[in-house]
**Student:** 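Have a look at this one before I ask anything.
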Amino acid sequence: MSAVENIFGGMGGQPKLPNEKIIKSVKELMLTYAQSGHVILVGRGGATITQKIPNALHVKLMASHEWRIGEVSRRMNLARLEAIDLIKDIEYKRLLWTEHLSEVPFDDNLYDLILNCQKLNDDELMNILLQVMEDRKMIPRF
C-alpha cells in the first residue's frame, strides 16, 4: 500500500488522517521546497501552506461538474456513474486533507487565479500563467 493509500485508505472507505507528527513533516517539506523557489506544488493543500511565501502564485484549475465527469469517463474508460463516484470520492478526500493540513476551512480566496479548463485550452492556460509570472517578475520576459 502506498503512503497516499495509507493516508486515505482507512477502514470502511473513510480516510485515515495521519498523526500530527506526519502533518508537521509534510508542512515543513512543502515549505522548504516552496521557499527554495522555482517549484510547482500541485494540490495537497499547497495553497494553504504557502500563503505567506512572497513571490508565490496560487492557481486553481476548475471546470463544471459535467465536464469533469465526461473527461474522467473518457480518460479512464469509466461509465458515467463510476466517474461520478470517483470524482465525489477524490473531492471529499482532497477537501478533508487540505483542511486537516491547514487547520482552517477551505476557501477559494487563497488563490491568485482560478482558471476554467473547460473554457481554455492548454496553450491559453500556459500563456496566462506565463504572463502573470512575467508581470510579477517571477520569470524573465521572453
**Student:** How many angstroms lie between CD1 in I114 and CE in M62, if you round to the nearest 0.5 Å?
**Tutor:**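 One gets 7.5 Å once the value is rounded to the nearest 0.5 Å.
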
**Student:** Looking only at non-hydrogen atoms, find the nearest pair between S73 and A83 and report the distance.
**Tutor:** OG-CB, 3.3 Å

**Student:** Please list, chain by chain and in numerical order, all residues satisfying salt bridge (charged side-chain N to carboxylate O under 4.0 Å, His left out) with D123, sequence neighbours excluded.
**Tutor:**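 Scan of D123 (salt bridge (charged side-chain N to carboxylate O under 4.0 Å, His left out), adjacent residues dropped) gives none.
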
**Student:** Check for a donor-acceptor pair, side chain of S36 on one end and backbone N or O of Y33 on the other, with a separation under 3.5 Å.
**Tutor:** yes

**Student:** Once you round to the nearest 0.5 Å, how far does CG of D135 lie from CE of M133?
**Tutor:**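 Between D135 CG and M133 CE, I get 10.5 Å after rounding to 0.5 Å.
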
**Student:** Side chains of Q131 and N127 only: does a donor on one sit below 3.5 Å from an acceptor on the other?
**Tutor:** no

**Student:** So, the side chain of D107 versus the backbone of L110: is there a donor-acceptor pair under 3.5 Å, distance only?
**Tutor:** no

**Student:** Quick one: list whatever passes salt bridge (charged side-chain N to carboxylate O under 4.0 Å, His left out) with K24, sequence neighbours left out.
**Tutor:** E28

**Student:** For D122, look at atom CG and say whether over 12 heavy atoms of other residues, nucleotides or ligands are found less than 6.0 Å away.
**Tutor:** no

**Student:** Can you confirm whether Y111 is buried at OH, in the sense that more than 12 heavy atoms of other residues, nucleotides or ligands lie under 6.0 Å from that atom?
**Tutor:**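 Check passes, neighbour count above 12.
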
**Student:** For I53 versus A56, what's the shortest heavy-atom pair and its separation?
**Tutor:**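 Answer, listing the atom of I53 first, then A56: O-CB, 3.5 Å.
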
**Student:** What distance separates Q51 CD from H58 NE2, expressed to the nearest 0.5 Å?
**Tutor:** 4.5 Å

**Student:** To the nearest 0.5 Å, tell me how far I128 CD1 sits from L120 CG.
**Tutor:** 4.5 Å

**Student:** Got a donor-acceptor contact below 3.5 angstrom from the Q118 side chain to the W67 backbone?
**Tutor:**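 A pair under 3.5 Å: no.
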
**Student:** Who are the salt bridge (charged side-chain N to carboxylate O under 4.0 Å, His left out) partners of E99, not counting sequence neighbours?
**Tutor:**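 Expected list: none.
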
**Student:** Considering residues, nucleotides and ligands other than D108, do more than 12 of their heavy atoms fall under 6.0 Å from its CG?
**Tutor:**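 Yes, enclosed.
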
**Student:** Rounded at 0.5 Å granularity, tell me how far CG in L129 sits from CD1 in I40.
**Tutor:**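 So the CG of L129 and the CD1 of I40 are separated by 8.5 Å.
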
**Student:** Which residues pass the salt bridge (charged side-chain N to carboxylate O under 4.0 Å, His left out) test with E134, not counting sequence neighbours?
**Tutor:**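 By the salt bridge (charged side-chain N to carboxylate O under 4.0 Å, His left out) rule, E134 matches R141.
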
**Student:** Suppose the criterion is salt bridge (Lys or Arg N to Asp or Glu O under 4.0 Å): which pairs have a residue in residues 47-59, not counting sequence neighbours?
**Tutor:** none

**Student:** To the nearest 0.5 Å, what is the distance between CE on M126 and CG on N121?
**Tutor:**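 Going from CE on M126 over to CG on N121, the span is 11.0 Å.
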
**Student:** Check which hydrophobic residues are tied to I90 through side-chain heavy-atom contacts below 4.5 Å, counting indirect links as well, and list them.
**Tutor:**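 Members other than I90 - counting any ILVMFWY side chain reachable under 4.5 Å - are I69, V72, M76, L78, L81, I84, L86, I87.
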
**Student:** Looking at L125 and C117, what are the two nearest heavy atoms and their distance?
**Tutor:**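 Answer, listing the atom of L125 first, then C117: CD1-SG, 4.2 Å.
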
